[in-house]
Amino acid sequence: MSLLMSMINLVLLLSIFIFFVQVFSEEAALRPNVVNVGAIFSFDTINGKVAKVAMKAAEDDINSDPSILGGRKLSVALHDSNYSSFLSFIGALQFMETDTVAIIGPQSSVMAHVLSHLANELHVPLLSFTALDPGLSPLQYPFFVQTAPNDKFQMIAIAEMVCYFGWADVIAIFSDDDQNRNGIIMLDDKLAERRCRISYKATLPPDPMAKRSDVLRELAKIQMMESRVIVLNTFSKTGLLVFEVAKSLGMMEKGYVWITSTWLSTVLDSTSPLKPETANSIRGALTLRPHTPDSKRKRDFISRWNQLSNGSIGLNAYGLFAYDTVWMIARAVKLLFDQGGTISFSNDERLISLTGMDLNLSALSIFDGGKQLLKNVIETKMTGLTGPVRFNQDGFLINPSYDIINTVETGFRRVGYWSNHSGLSIVPPETLYGKKPNRSSSNQHLDSVVWPGGETIKPRGWVFPNNGRELRIVVPNRVSYRDFVSVVNGTNKVQGYCIDVFLAAIKLMPYAVPYRFIPFGNGHENPSYYELVSKIAAGVFDGAVGDIAIVTDRTRIVDFTQPYIESGLVVVAPVKKISSNPWSFSRPFTASMWAVTAAFFLIVGSVVWVLEHRINDEFRGSPRQQIVTILTFSFSTMFFSHRENTVSTLGRLVLIIWLFVVLIINSSYTASLTSILTVQQLSSPIKGIDTLISSSEPIGFQIGSFAERYLTEELGIPKSRLVQLGSPEDYARALENRQVAAVVDERPYVDLFLSDRCEFSIRGQEFSKRAWGFAFPRDSPLAIDMSTAILALSENGELQKIHDKWLSRSACSSEKSEDEAEQLDLQSFWGLFLICGIVCILALLVYSLLTFRQYSRHCPEELDSTSRNNSFSAHLRTCLSFVDGKVEKSKSSSKRKRDSMHSDV
């Protein structure tokens with residue numbers, strides 16, 4: 001029996017042993033000893049060579065630490081695509097047939113777009129630190145992860161550099177592939193946000209297929225263009241070829257600006273020393289390098305690099321990203337295992353149905369843990385060689401930043417940094433992350449730059465197109481007011497005030513400006529200025545010089561310089577002279593002003609009489625004497641010659657306020673009367689633009705002027721009321737014959753018109769503030785430099801001298817419009833009268849309260865001494881007698897003493 005039990009126990013133990021062996025065998029199958037990772041690169045490129053060494057180093061470091069993968073080994077299989085998209089695709093298929101959990105690469109964005117679709121279907125994450133195309137959206141390609149800063153941020157950095165240095169136009173040279181093309185599209189958008197632009201895009205065949213002839217053809221075109229700021233977005237082989245050709249064409253000399261994407265920094269970091277001819281061809285360029293903060297771990301890795309690479313190539317920033325990318329995969333796989341996940345693959349039923357084909361598509365299987373592995377990668381939080389590694393909600397690395405590198409004779413030097421947090425700075429970005437972002441222009445700084453040609457002064461960034469053509473400067477061929485601009489009959493010579501201002505400004509320009517004047521107009525009537533400006537916008541002319549008003553519609557299509565003369569619209573109408581007459585002394589004030597002033601003289605006199613009557617003997621007497629006192633006192637205050645003294649505090653207060661009012665009125669009256677008697681006055685029923693708007697009379701305007709559009713569109717005056725006039729003689733004739741009630745024109749023309757026609761005058765004020773300037777095409781740098789020159793002319797007095805030479809005429813300067821010396825009305829003084837009236841009312845109110853109080857105390861004594869008749873008439877007589885009675889100071893004093901004695905008893 002015991003033997004039987006022993007046999008049963010042995011069988012049970014063997015069964016349990018077999019069960020656990022099977023379980024562990026299945027577990028081991030799901031958790032293999034080797035984790036396969038693929039990498040697809042062109043290992044003949046700089047980044048390919050560096051990535052190969054860096055990824056091998058990361059693999060060794062991970063496998064040397066058993067705690068990372070729990071004793072399992074990480075195997076990074078390398079596939080050389082050799083610049084071929086086809087070989088990249090084949091390599092990806094091979095990896096996905098061999099249970100690969102993730103693929104590092106591809107190197108180019110062209111293949112990233114293709115392989116991302118494959119990764120999306122098979123759930124195999126793609127991680128790339130070189131395919132940084134802004135068009136690779138995480139929304140469209142969720143299994144594609146960029147483990148280095150997206151090129152979007154590189155283009156923002158370049159745009160901010162262009163804006164920082166004050167350039168408006170750039171030329172872009174790029175390889176015609178997805179990554180470089182989309183990068184330039186992004187740059188164009190970011191420049192537009194800063195009111196800059198790409199004026200020309202030069203495309204080259206994809207790297208490395210560009211030939212010298214391709215580059216030479218594009219650079220020859222660029223040499224003939226205006227902009228001298230060139231952005232080069234390509235890869236190293238094409239980029240160095242462009243610089244070589246540019247050097248041979250003299251495009252690396254003074255005046256040029258070259259800004260490259262990060263490819264040049266990889267050349268500088270990984271190829272040392274550079275060939276002398278290469279170093280000379282890139283001298284003075286600016287480039288970007290992905291910024292990686294300094295750390296002990298980074299320094300240790302750099303010290304190991306020569307041993308790792310056997311001195312074959314130098315380490316660049318993308319080598320650090322390659323190292324961190326391998327570690328990101330390893331940490332994500334470890335977390336997958338810790339979460340209970342497994343590495344297992346299942347067949348895709350859609351591919352199984354295709355087994356009848358020659359292609360072995362059934363070998364491709366879906367990674368069951370791919371989604372969780374991708375989630376772990378996106379949620380990575382680690383500190384690598386490149387610094388803190390984290391992704392934001394958009395799938396981009398946080399805090400993208402770049403070093404700004406300047407190539408110099410001795411190699412290269414860092415002139416600053418750019419980060420998405422703080423913009424341009426001369427301190428490392430990581431020191432600013434704890435501070436509030438400040439992207440204001442005053443907070444953006446870079447160190448000095450050595451530009452092509454060894455220049456340390458910032459290049460202007462543009463030149464006149466080198467195509468042998470002078471600037472076509474159009475001038476209006478005027479037939480009236482030729483003092484401003486005119487074409488000398490029978491010649492091509494132009495002259496006038498506007499021309500002299502332009503010529504003086506040209507002399508102050510920091511460079512030579514080749515130009516020629518082209519008259520615009522038929523010579524029989526003034527041309528349309530709207531048509532003239534439109535031709536500049538259409539590219540027919542390169543600029544316009546003349547009496548061109550700066551108005552809103554025109555600023556939408558062209559750029560204007562700083563104004564060189566003010567020019568608002570004014571109204572001109574016939575006037576008649578106002579001769580002096582015996583009643584001229586009454587003209588300073590309007591009738592209402594005279595009436596109110598006289599009334600207040602009487603009111604103030606009456607108020608002072610009331611306040612002083614009971615206590616001041618000078619305000620007592622017979623009714624006739626008191627009326628005379630009120631009148632003489634009131635009107636004598638006009639000259640501050642009143643003889644009566646005021647005793648009461650309230651009376652003195654009222655008098656002080658009134659004397660202040662009188663002082664103001666006297667001063668204003670004197671000034672106005674002086675102006676009326678010493679300056680000849682002109683009058684007209686037209687008082688200004690408001691008079692014309694409210695009337696229905698015809699209005700004249702100058703042909704070609706913007707006044708017509710302003711009157712109809714802005715002021716709503718019907719076109720039927722407007723009359724075209726072509727010359728000053730037409731103005732005078734139309735006004736004299738009453739063909740028009742007034743003429744509306746710009747102030748400079750009107751001043752010239754009135755210089756010898758004193759029978760007309762400006763009515764009212766300028767009602768539309770405008771100015772004249774020179775017009776140039778939109779975003780033309782010439783407009784900025786010309787504006788600077790005009791400001792210099794204004795500061796040194798040259799602008800005023802030119803004005804005096806052509807426009808200084810004032811034959812009618814002694815005459816003055818009646819509008820300029822209008823009568824003083826009540827509106828100008830009602831505040832003073834209001835204050836004086838309030839003081840008078842308050843004084844009377846206080847006086848009444850005090851008097852009533854005294855009467856209420858005095859009334860019982862008066863009633864006891866009478867027949868105690870309580871009728872209303874008796875009270876009224878008593879009250880009036882009390883108010884009219886004089887207050888004796890002595891009696892009041894003795895009464896108070898007597899009352900005090902009674903109270904003591």
Side-chain angles (χ1 to χ4, degrees), residues 475-489 493-508 517 526 529 545-550 561-575 577 675 678-682 702 704-705 707 725-732 735 743-766 768-774 786-787 789-817 819-821:
V475 295
N477 187 9
R478 295 192 59 88
V479 297
S480 62
Y481 297 113
R482 294 170 62 85
D483 297 86
F484 293 104
V485 58
S486 63
V487 179
V488 179
N489 293 332
K493 181 181 178 182
V494 292
Q495 61 183 14
Y497 167 72
C498 303
I499 300 300
D500 280 5
V501 172
F502 175 78
L503 295 177
I506 284 291
K507 293 178 182 178
L508 298 181
F517 291 123
N526 294 332
Y529 284 67
V545 172
D547 47 342
I548 305 169
I550 304 174
T561 63
Q562 173 77 16
Y564 58 88
I565 188 173
E566 297 297 322
S567 172
L569 290 177
V570 293
V571 176
V572 180
V575 292
K577 297 178 181 178
S675 175
T678 57
V679 179
Q680 192 174 27
Q681 301 296 305
L682 304 173
Q702 183 183 174
S705 171
L725 301 173
S727 66
E729 293 74 20
D730 292 342
Y731 285 16
L735 290 170
V743 172
V744 174
D745 206 351
E746 297 174 67
R747 186 64 185 252
Y749 300 129
V750 170
D751 287 341
L752 206 59
F753 171 71
L754 296 179
S755 63
D756 56 357
R757 292 178 175 85
C758 301
E759 66 273 23
F760 308 108
S761 177
I762 295 175
R763 312 303 296 158
Q765 303 297 320
E766 291 184 8
S768 173
K769 294 293 183 181
R770 293 289 188 273
W772 291 353
F774 303 138
M786 184 64 73
S787 295
I790 291 173
L791 286 175
L793 290 177
S794 178
E795 291 172 358
N796 63 25
E798 188 65 26
L799 197 60
Q800 185 61 43
K801 292 179 181 178
I802 299 173
H803 181 278
D804 294 342
K805 171 185 174 182
W806 289 96
L807 309 177
S808 183
R809 305 176 191 175
S810 55
C812 300
S813 60
S814 63
E815 299 182 355
K816 190 175 184 181
S817 167
D819 289 339
E820 298 177 17

What verdict does the side-chain contact (heavy atoms from CB on, under 4.5 Å) test give for R747 and I565, after you've listed the backbone C-alpha separation in whole Å, the side-chain angles of each residue and the deciding distance to 0.1 Å? CA-CA 10 Å; R747 186 64 185 252; I565 188 173; over 6 Å; no
Residue pair [X] / [Y]: nearest heavy atoms and the distance that separates them:
X	Y	value
V575	F760	CG2-C, 4.0 Å
P748	S567	CD-OG, 3.5 Å
G704	Y529	O-CD1, 3.4 Å
V545	I499	CG1-CD1, 4.0 Å
P476	G546	CD-CA, 4.1 Å

From the options I548, L791, I790, I550, select the one residue that forms a side chain to side chain contact (heavy atoms under 4.5 Å, CB included) with T561.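 Considering I548, L791, I790, I550, a side chain to side chain contact (heavy atoms under 4.5 Å, CB included) with T561 is found only for I790.
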Partner of L793 under side chain to side chain contact (heavy atoms under 4.5 Å, CB included), chosen from Q562, Q800, E798: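 When side chain to side chain contact (heavy atoms under 4.5 Å, CB included) is applied between L793 and each of Q562, Q800, E798, only E798 qualifies.
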Decide yes or no for N477 and V494: does some side-chain heavy atom of the first lie under 4.5 Å from some side-chain heavy atom of the second? no
First locate atom [atom1] of [X], then atom [atom2] of [Y], and finally report the distance between them rounded to the nearest 0.5 Å.
X	Y	atom1	atom2	answer
R757	L735	CZ	CG	10.0 Å
L508	N796	CG	CG	6.5 Å
S794	Y564	OG	OH	14.0 Å
E766	L569	CD	CG	8.5 Å
S808	I802	OG	CD1	13.5 Å

Using the ring pair (Phe, Tyr, Trp, His ring centres under 6.0 Å) rule, pick out the option among W806, F753, Y749, Y497 that qualifies with Y481. Y749
Under 3.5 Å: donor-acceptor pair, side chain of R482, backbone of V487: yes
Is there a side-chain contact (heavy atoms from CB on, under 4.5 Å) between L752 and F484? Walk through the geometry before answering. CA-CA 10 Å; L752 206 59; F484 293 104; 3.8 Å; yes
Which residues satisfy the side chain to side chain donor-acceptor pair (under 3.5 Å) test with E729, sequence neighbours excluded? S727
Test side-chain contact (heavy atoms from CB on, under 4.5 Å) on Q495 and D500; report intermediate values, then the result. CA-CA 7 Å; Q495 61 183 14; D500 280 5; 5.9 Å; no
side-chain contact (heavy atoms from CB on, under 4.5 Å) between Y731 and D745, intermediate numbers included: CA-CA 10 Å; Y731 285 16; D745 206 351; 2.4 Å; yes
